[in-house]
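Counting starts at 1 for both ligands and their atoms, following the listed order. Just the heavy atoms: all of them, side chains too, but no hydrogens, waters or symmetry mates, feed the values below.
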Amino acid sequence: MKTIKIFDTTLRDGEQSPGCSMNLQEKIEVAMQLEKLKVDIIEAGFAIASPGDFVSVKAIAETIKDSCVASLSRALKADIDRSYEAIKNAAAPRIHTFIATSPIHMQYKLQMKPEDVLEQSVAMVKYAKSLCADIEFSAEDASRSDPEFLYKILGAVIKAGATCINVPDTVGYSTPEEYYEFILGIKNNTPGIEKVDLSVHCHNDLGLAVANSLAALRAGATQVECTINGIGERAGNAALEEIVMAINTRRDLYQYKTNIDTKQIYNASRLLSSITGVSVQPNKAVVGGNAFAHEAGIHQHGVLANKETYEIMTPESIGLSQNTLVLGKHSGKHAFVDRLKALGYTLDESRLQYCFEKFKELADRKKDVSDLDLRALVEFDKLDIPAEYVCDTFVINSGNKMTATAVVKIIRGDEIREEASTGDGPVDAAFNAIEKCVGISFTLEDYIVRSVTAGKDAQGEVVVKLDKDGRKARGHGLSTDIVEASVKAYIDAINRYCYEIELEG
Ligand code: KIV
Ligand code: ZN
């Protein structure tokens, strides 16, 4: 059975989409989860895009051992140099270089003639090859390019040393039948194509990214580019979890496999949405909250009689346990560690101790602590940056016929500051009082509240996105009390903002 390579671009194409930007620590965390997922290639970023991008691609390249690490570069010397500088210490480095090949892109974006695009591509692939053995070449907007021109340019870059050829459906314009024929055309007409990987990269503008990717695999593509939860430019990229589970579930149809550890899919999806604050829609295939829920009576009856009546894959296969009530306040550390292991988490001792203490606090407030509560705790309650500001106490007064007021006491080192403020509701009043304490005022760009489980004692997850003069900061908070979760999230965002400023000196 042929093995299809999974090229993950969550940290590049995904990260560049609105609301999905991540800081260095968050990118490293996602990269480590992608390594656990066993993706073949991690596209860590676009090294020349900014100094921050360079630092994160480099840090990922130096952290990841089991996956190849790639950096994107235009077909320009400066880009390729920057990429190479960032990935040269990786266990398996790859330079990914691209140039547009469609008439519309060449004329209006590049303002270049096709023969100049060809010449530059060959020169840049040769140059990249002089630095690094593994070179991917992408013909941007390939699906709208003249096929004869594509065969020529792809053949030439293979001769120049490319090891992987990628033919993206950049604007999500293709359909499965068309893309299938397109890939067959490339396979049958490109000199040397049998010596390299043929990769596909589909965008989801018409909701066809996964279908197009699968059609391409049937036509002979050997690598597929995708992102966790399908995040990416505009309507997103093909979703990794959907492609992998389609291949696994329809082994009868697709005679190939991937190296992906599917039991890490759910954790990867959760981690990404908790970091970015962008949650997946409930009916999202594979990882949506309702993907394994059976609501209709007839369906429930069928599933009880035989799960396969309505379930084509098991929740366990993506690492989603069906255990609902697990731990309570009498549960010990062993049971806690066992449950975390079953959920796919391995924490170092200090993080484990921290999470265990948080679990005990939660179990005091909430009778039953479910798997979803535990996941939220591990993912949301983080100790990854120094907490410059800590909330000591807060008191809120609010009601339907009064102005909400908040008094917040915040500790910073040896200093204690207490401030009162009013606001448009309890959360706004608390945020205003916090800002008075820290002496900085932010624009609140986004405020997201989500309940972790059902029930009146459910924990609320809060994500806030703040902006101060163009600098963004995101914070998370978790509590059975949503005002407390909001206060925690606001202070977390402020701490992250201060930490980033301090890092920059
Ligand atoms: O969509 C696209 O064409 C891309 C390339 C740069 C690979 O993201
Ligand atoms: Zn793309």
Practice task
Within a distance under 4.0 Å of any heavy atom of Glu140, pick out the atoms of ligand 1 and give their elements.
Solution key: 3 (O)
Problem - Numbered atoms of ligand 1 (with element) below 4.0 Å of His203, judged on heavy atoms - result: 1 (O)
Completion exercise
Output for pair (Asn237 CG, Asn229 CG), nearest 0.5 Å, gives 12.0 Å
Handout entry: His203, N/O/S atom nearest the Zn ion (ligand 2)
Key = NE2
When only distance counts, is [X] in polar contact with ligand 1, meaning an N/O pair under 3.5 Å?
X	value
Glu225	no
His201	yes
Arg12	yes
Thr170	yes
Asn166	no

Check whether the side chains of [X] and [Y] place a donor and an acceptor atom closer than 3.5 Å, and report yes or no.
X	Y	answer
Asp169	Ser174	no
Ser138	Asn166	yes
Ser486	Tyr447	yes
Glu461	Ser274	no

Exercise for the section: Please find out if the Zn ion (ligand 2) and some N, O or S atom of Asp13 are separated by less than 2.8 Å. Expected result: yes
Problem - Close side-chain approach of Glu379 and His476, heavy atoms under 4.5 Å - result: no
Practice task
Take the angle between the ring planes of Tyr179 and Phe182 and call it parallel below 30°, perpendicular above 60°, tilted in between.
Solution key: parallel
